[in-house]
Q: 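Structure in structure tokens, see below.
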Amino acid sequence: QQKVQQSPESLIVPEGGMASLNCTSSDRNVDYFWWYRQHSGKSPKMLMSIFSNGEKEEGRFTVHLNKASLHTSLHIRDSQPSDSALYLCAASMDTNTGKLTFGDGTVLTVKP
Amino acid sequence: EAAVTQSPRNKVTVTGGNVTLSCRQTNSHNYMYWYRQDTGHGLRLIHYSYGAGNLQIGDVPDGYKATRTTQEDFFLLLELASPSQTSLYFCASSRSSQDTQYFGPGTRLLVL
């Protein structure tokens, strides 16, 4: 069973709209959640990380975490065409090793 | 930003062939990782290392060996390549187990 599940698989939002991406772990040992963004033909780059319950905001990006339900979400407001990319959620279940378990990703397309 | 380089960027080999993928980081990072990325999957961890001479098994290690010769250099070896190993391979490094992983540009491998 996939330990990190992301939804939806793909998402289309209009320019200026809000994009909401979800991620859930089935392993209760998760310590951190990470969000990476991968533009087409490029390597993944870390966007945000969160390990405490609650919310974290950086510019147009907000991450929520509910540790009880092992669920995190990424929200992008005022979406831009340059935000079109594959968004990967990763869970760290052992902070001694640095091992990350990635979900399959959400493909976001922002239509001008 | 942290610098991770990979070589070659593209490689074609035949079934049963011998392939070595190279990764170098100049960030003085302790942790290095090898991932593969396939369509429909996120990133899957093959092997990782805490430092020179250290090797740890990841989640999909079958058919792969790795060597960490120095703090900077991490190699992935496919001694009897199979078509199922056709994939996009990423190397990453991080300062510690709880820090951001920085990815190289990737190596696209085709096994005929």
Side-chain angles (χ1 to χ4, degrees), chain A residues 1-10 21-27 29-52 56 58 63 72 74 85-108, chain B residues 1-7 9-10 21 23-25 27 29-51 54-61 66 68 74 87-108:
Chain A
Q1 183 196 356
Q2 184 91 0
K3 285 189 173 181
V4 176
Q5 306 235 332
Q6 291 187 245
S7 64
E9 286 185 15
S10 61
L21 291 69
N22 298 293
C23 175
T24 303
S25 171
S26 60
D27 190 326
N29 293 315
V30 62
D31 292 314
Y32 278 74
F33 279 101
W34 303 79
W35 286 94
Y36 280 77
R37 182 165 73 177
Q38 186 178 19
H39 286 107
S40 181
K42 303 293 186 183
S43 57
K45 285 187 168 48
M46 201 278 286
L47 206 53
M48 295 181 75
S49 64
I50 190 164
F51 63 92
S52 299
K56 185 175 171 181
E58 290 180 6
V63 174
T72 180
L74 174 68
L86 175 67
Y87 287 79
L88 294 163
C89 173
S92 170
M93 295 164 199
D94 182 351
T95 51
N96 290 321
T97 66
K99 280 183 64 175
L100 294 180
T101 300
F102 283 84
D104 288 343
T106 293
V107 177
L108 173 65
Chain B
E1 187 171 296
V4 181
T5 57
Q6 293 182 236
S7 64
R9 295 294 310 277
N10 293 280
L21 306 184
C23 176
R24 165 165 281 209
Q25 55 91 8
N27 313 305
H29 285 175
N30 294 315
Y31 290 73
M32 294 186 76
Y33 310 84
W34 276 108
Y35 293 92
R36 62 178 287 173
Q37 185 175 37
D38 304 291
T39 304
H41 290 278
L43 295 156
R44 292 184 287 176
L45 182 65
I46 305 170
H47 290 298
Y48 61 108
S49 167
Y50 302 150
N54 175 268
L55 290 171
Q56 302 293 323
I57 295 172
D59 298 322
V60 290
R68 179 91 179 266
F74 195 29
S87 189
L88 178 57
Y89 291 86
F90 285 106
C91 174
S93 73
S94 64
R95 186 171 57 91
S96 77
S97 61
Q98 297 179 43
D99 278 322
T100 299
Q101 291 187 19
Y102 294 90
F103 285 80
T107 294
R108 194 167 291 279

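Throughout, protein chains are lettered first and strands after them, A, B, ... in sequence-line order, and every chain is numbered starting at 1.
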Q: Tell me every residue that passes ring-ring contact (aromatic ring centres under 6.0 Å, His included) with A:Tyr87, counting only those two or more places apart in sequence or in another chain.
A: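 With neighbours one apart ignored, the set is empty.
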
Q: Check whether more than 12 heavy atoms from other residues, nucleotides or ligands sit under 6.0 Å from atom CD1 of B:Ile57, and answer yes or no.
A: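 No, not enclosed.
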
Q: Non-hydrogen atoms of chain B under 4.5 Å away: do they reach the side chain of A:Ser49, the backbone, both or neither?
A: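 It is neither, since no heavy atom gets under 4.5 Å.
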
Q: Given heavy-atom pairs under 4.5 angstrom as the criterion, report whether the side chain, backbone, both or neither of A:Gln38 touches chain B.
A: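 For A:Gln38, the side chain is the part near chain B, not the backbone.
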
Q: Do B:Gln37 and A:Leu86 have side chains that get closer than 4.5 Å, going by heavy atoms?
A: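 Answer yes - side chains close enough.
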
Q: Identify the heavy atoms of B:Phe90 and A:Lys42 that sit nearest to each other, and give their distance.
A: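 Closest pair (atom of B:Phe90, atom of A:Lys42, distance): CZ-O, 4.0 Å.
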
Q: Counting only non-hydrogen atoms closer than 4.5 Å, does A:Tyr36 touch chain B with its backbone (N, CA, C, O), its side chain (CB onward), both, or neither?
A: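 For A:Tyr36, side-chain heavy atoms alone lie under 4.5 Å from chain B.
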
Q: Does the side chain of A:Thr97 reach to within under 4.5 Å of the side chain of B:Tyr31, using non-hydrogen atoms?
A: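 Answer no - side chains too far apart.
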
Q: Of all of A:Gly105, A:Cys89, A:Pro44, which one pairs up most often with chain B through heavy atoms under 4.5 Å apart?
A: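 The answer is A:Pro44.
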
Q: Who pairs with B:Tyr35 by ring-ring contact (aromatic ring centres under 6.0 Å, His included), at least two apart in sequence or on another chain?
A: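 By the ring-ring contact (aromatic ring centres under 6.0 Å, His included) rule, B:Tyr35 matches A:Phe102, B:Phe103.
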
Q: Is the closest side-chain heavy-atom distance between A:Thr101 and B:Arg44 below 4.5 Å?
A: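 Sidechains of B:Arg44 and A:Thr101: no contact.
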
Q: Under 4.5 Å from any heavy atom of chain A, what part of B:Leu45 do you find: side chain, backbone, both or neither?
A: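 Only the side chain of B:Leu45 comes within 4.5 Å of chain A.
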
Q: Which pair of heavy atoms, one from B:Gly104 and one from A:Ser43, lies closest together, and at what distance?
A: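 Heavy atoms of B:Gly104 and A:Ser43 come nearest at O-CB, 3.0 Å.
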
Q: So which atom in B:Gln98 and which in A:Tyr32 form the shortest heavy-atom distance, rounded to 0.1 Å?
A: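 Where B:Gln98 meets A:Tyr32 most closely, the heavy atoms are OE1-OH, 3.1 Å.
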
Q: Look only at the side chain of B:Gln101 and the backbone of A:Lys45, and say whether a donor-acceptor pair between them is shorter than 3.5 Å.
A: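 No, the answer is negative, given that no donor and acceptor are paired below the 3.5 Å cut-off.
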
Q: For B:Asp99, which atoms come within 4.5 Å of any heavy atom of chain A: side chain, backbone, both, or neither?
A: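 When you check distances to chain A, only backbone atoms of B:Asp99 fall under 4.5 Å.
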
Q: Less than 4.5 Å to any heavy atom of chain A: does that hold for the side chain of B:Thr100, its backbone, both, or neither?
A: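 Looking at B:Thr100, backbone and side chain both touch chain A.
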
